[in-house]
Chemist: 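What follows is a structure written as structure tokens; I'll ask about it next.
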Amino acid sequence: MTFAFQRAELMAHAERFREQFATAEPFPHVVIEDFLPPSALEPVLEEFPEPRGVTWQEFDSAKEIKLALSDTELMGPVTRNLLHEFNGQVFVDFLEALTGITGLIPDPHFDGGGLHQSRAGGYLKVHADFNKTKRLNLHRRLNGILYLNRDWSPEWGGDLELWDSDMTACVKRVAPLFNRFLIFATTDNANHGLPDPITCPPDRARRSMALYYYTNGRPQEEFSGEHSTLFRQRPGEDFKGTFRQRLKRWAPPALADLFSRRGA
């Protein structure tokens, strides 16, 4: 049967976690375990595209190594249905009740969202997300991340780190465990990332589904001007990157690919 969110179940979550979301440190967020029936997620795992199975958007720089897929036409039917449920009326009503943010608008294009995966060596340095989408001309207010990793070992890393506003300390870590759902407010001080390279086996990947929600405007005290992703260095960190990554910025694609194959 096709999965669909049930309003009563979600509103119970909203009632239970509303205060926790509002008072969480270092910024408003909540982690909900066992968020979906396992039967709704197993087919998503089965049809999750491999890195070479479809054309993923590849990020490879000193600040991030990851793959992203936002084109729903390249996804399986169960995955597409679940993404549409996350963008639907019942789920948006739940988010408004949980967070107190009204007038939420989901992104039908999944710009920057959709499916993400990182193989061994992948990372995403600590950052605050872009705060406005040019395509929709809306302000980004919430991130939702559903983790899709069965039997994930702590020794592989991959925890999402939540840092304080002045980047002096990691306040919380969220392991990317199967069926764990993270929701957090998207502001200039919502510093987060998985900054250290993942060490999972070569046949595994850190996989997730990412959802973003917007409003037409935002509280004045939250807006410091439109900006793209703001990467923040941890104490003692330097975004130098590898020779191969620097080469890719300036060299013709064929030359960069040659060095990539040689492991430069």
Chemist: Contact between Q117 and L148 at the side-chain level, heavy atoms closer than 4.5 Å - yes or no?
Modeler: no
Chemist: Do the non-hydrogen side-chain atoms of R180 and S208 ever get within less than 4.5 Å of each other?
Modeler: no
Chemist: So L104 and F91, side-chain contact (heavy atoms from CB on, under 4.5 Å) or not? Walk me through it.
Modeler: CA-CA 10 Å; L104 285 173; F91 193 77; over 6 Å; no
Chemist: Hey, could you give me the CG/CG distance between L67 and L115, rounded to the nearest 0.5 Å?
Modeler: 11.0 Å
Chemist: Show your working on salt bridge (Lys or Arg N to Asp or Glu O under 4.0 Å) between D111 and R135 and close with a plain yes or no.
Modeler: CA-CA 9 Å; D111 184 18; R135 187 168 188 174; over 6 Å; no
Chemist: Under 30°, 30 to 60°, or over 60°: which ring-plane class applies to F110 and H84, parallel, tilted or perpendicular?
Modeler: tilted
Chemist: Following the transitive rule for hydrophobic clusters with a side-chain heavy-atom cut-off under 4.5 Å over Ile, Leu, Val, Met, Phe, Trp and Tyr, establish whether L82 and V54 coincide in one cluster.
Modeler: yes
Chemist: Let me check something: do M75 and L36 share a hydrophobic cluster, defined by ILVMFWY side-chain heavy atoms less than 4.5 Å apart, either directly or through other members?
Modeler: yes
Chemist: So how far is it from Q89 CD to R7 CZ, rounded to the nearest 0.5 Å?
Modeler: 5.0 Å
Chemist: Check A185 against L142 and note the closest heavy-atom contact, atom names and distance.
Modeler: CA-CD2, 3.9 Å
Chemist: Please say yes or no: joined through hydrophobic side-chain contacts below 4.5 Å, possibly via intermediate residues, are V92 and I101 part of one cluster?
Modeler: yes
Chemist: Name the orientation class of the two ring planes belonging to H13 and F94 (parallel below 30°, tilted from 30 to 60°, perpendicular beyond 60°).
Modeler: perpendicular
Chemist: Would you please classify the geometry between the H139 ring and the F223 ring as parallel, tilted or perpendicular, with 30° and 60° separating the classes?
Modeler: perpendicular
Chemist: Going by the side-chain hydrogen bond (donor to acceptor under 3.5 Å, both in side chains) test, name the single residue among H29, E161, H127 that passes it with H192.
Modeler: H127
Chemist: List the steps and the verdict of salt bridge (Lys or Arg N to Asp or Glu O under 4.0 Å) for E96 and R18.
Modeler: CA-CA 10 Å; E96 292 186 345; R18 184 179 297 117; over 6 Å; no
Chemist: State whether F178 and R150 meet the cation-pi test: NZ (Lys) or CZ (Arg) under 6.0 Å from the six-membered ring centroid, and within 45° of the perpendicular axis.
Modeler: yes
Chemist: If every non-hydrogen atom of E237 is compared with every non-hydrogen atom of R232, which pair is closest and at what distance?
Modeler: OE1-O, 4.2 Å
Chemist: Please assess Q233 against D238 for the test side-chain contact (heavy atoms from CB on, under 4.5 Å), listing each intermediate value before the final yes or no.
Modeler: CA-CA 7 Å; Q233 294 179 339; D238 188 3; 3.9 Å; yes
Chemist: Could you give me the CA-CA distance, side-chain angles and deciding distance for T187 and E222, then say whether side chain to side chain donor-acceptor pair (under 3.5 Å) is met?
Modeler: CA-CA 7 Å; T187 66; E222 286 188 12; over 6 Å; no
Chemist: Report the distance from atom CZ of F3 to atom OG of S39, rounding to the nearest 0.5 Å.
Modeler: 8.5 Å
Chemist: Atom CZ in F130, atom CG in L230: separation rounded to 0.5 Å?
Modeler: 11.5 Å
Chemist: Check V44 against A40 and note the closest heavy-atom contact, atom names and distance.
Modeler: CG2-O, 3.6 Å
Chemist: Do K63 and T229 have side chains that get closer than 4.5 Å, going by heavy atoms?
Modeler: no
Chemist: Can you tell me how far the CD atom of E42 sits from the CG atom of L45, to the nearest 0.5 Å?
Modeler: 5.5 Å
Chemist: Taking side chain as C-beta onward, heavy atoms only, is K66 less than 4.5 Å from I198?
Modeler: no
Chemist: Looking at Y212, is R140 sitting on its ring face, NZ or CZ under 6.0 Å from the six-membered ring centre and within 45 degrees of the normal?
Modeler: yes
Chemist: Is L41 linked to L69 within one hydrophobic cluster, defined over Ile, Leu, Val, Met, Phe, Trp and Tyr using a side-chain heavy-atom separation of less than 4.5 Å?
Modeler: yes
Chemist: Looking at every heavy atom in both V30 and L98, which two are closest together, and how far apart are they?
Modeler: CG1-CD2, 4.1 Å
Chemist: Is there a side-chain contact (heavy atoms from CB on, under 4.5 Å) between L177 and Y147? Walk through the geometry before answering.
Modeler: CA-CA 6 Å; L177 304 183; Y147 293 109; 5.8 Å; no
Chemist: Are the side chains of R206 and H116 in touch, meaning some heavy atoms are under 4.5 Å apart?
Modeler: no
Chemist: So, applying side-chain hydrogen bond (donor to acceptor under 3.5 Å, both in side chains) with S224, which one of D188, N131, N189 is it?
Modeler: D188
Chemist: Quick check: does any side chain N or O of K132 sit under 3.5 Å from a backbone N or O of L138, one acting as donor and the other as acceptor?
Modeler: no
Chemist: If you define the side chain from C-beta out and look only at heavy atoms, does anything of T2 sit under 4.5 Å from E85?
Modeler: no
Chemist: Below 4.5 Å, heavy atoms only, C-beta onward: do N179 and L146 meet side chain to side chain?
Modeler: yes
Chemist: Atom CZ in R119, atom CZ in R207: separation rounded to 0.5 Å?
Modeler: 5.5 Å
Chemist: For P235 and W163, which heavy atoms make the closest approach, and how far apart are they?
Modeler: CD-CZ3, 3.7 Å
Chemist: Compute the ring centroids of F181 and F86, then answer whether they are less than 6.0 Å apart.
Modeler: yes
Chemist: Closest heavy-atom contact between E50 and W56?
Modeler: O-NE1, 3.0 Å
Chemist: Would a 4.5 Å heavy-atom cut-off, applied to side chains only, mark F59 and L124 as touching?
Modeler: no
Chemist: When clusters are formed by joining ILVMFWY residues with side-chain heavy atoms under 4.5 Å apart, either directly or through shared neighbours, do I183 and F5 land in the same one?
Modeler: yes
Chemist: Test V31 against K172 for side-chain contact (heavy atoms from CB on, under 4.5 Å), laying out the working first.
Modeler: CA-CA 11 Å; V31 177; K172 185 171 183 177; 4.2 Å; yes
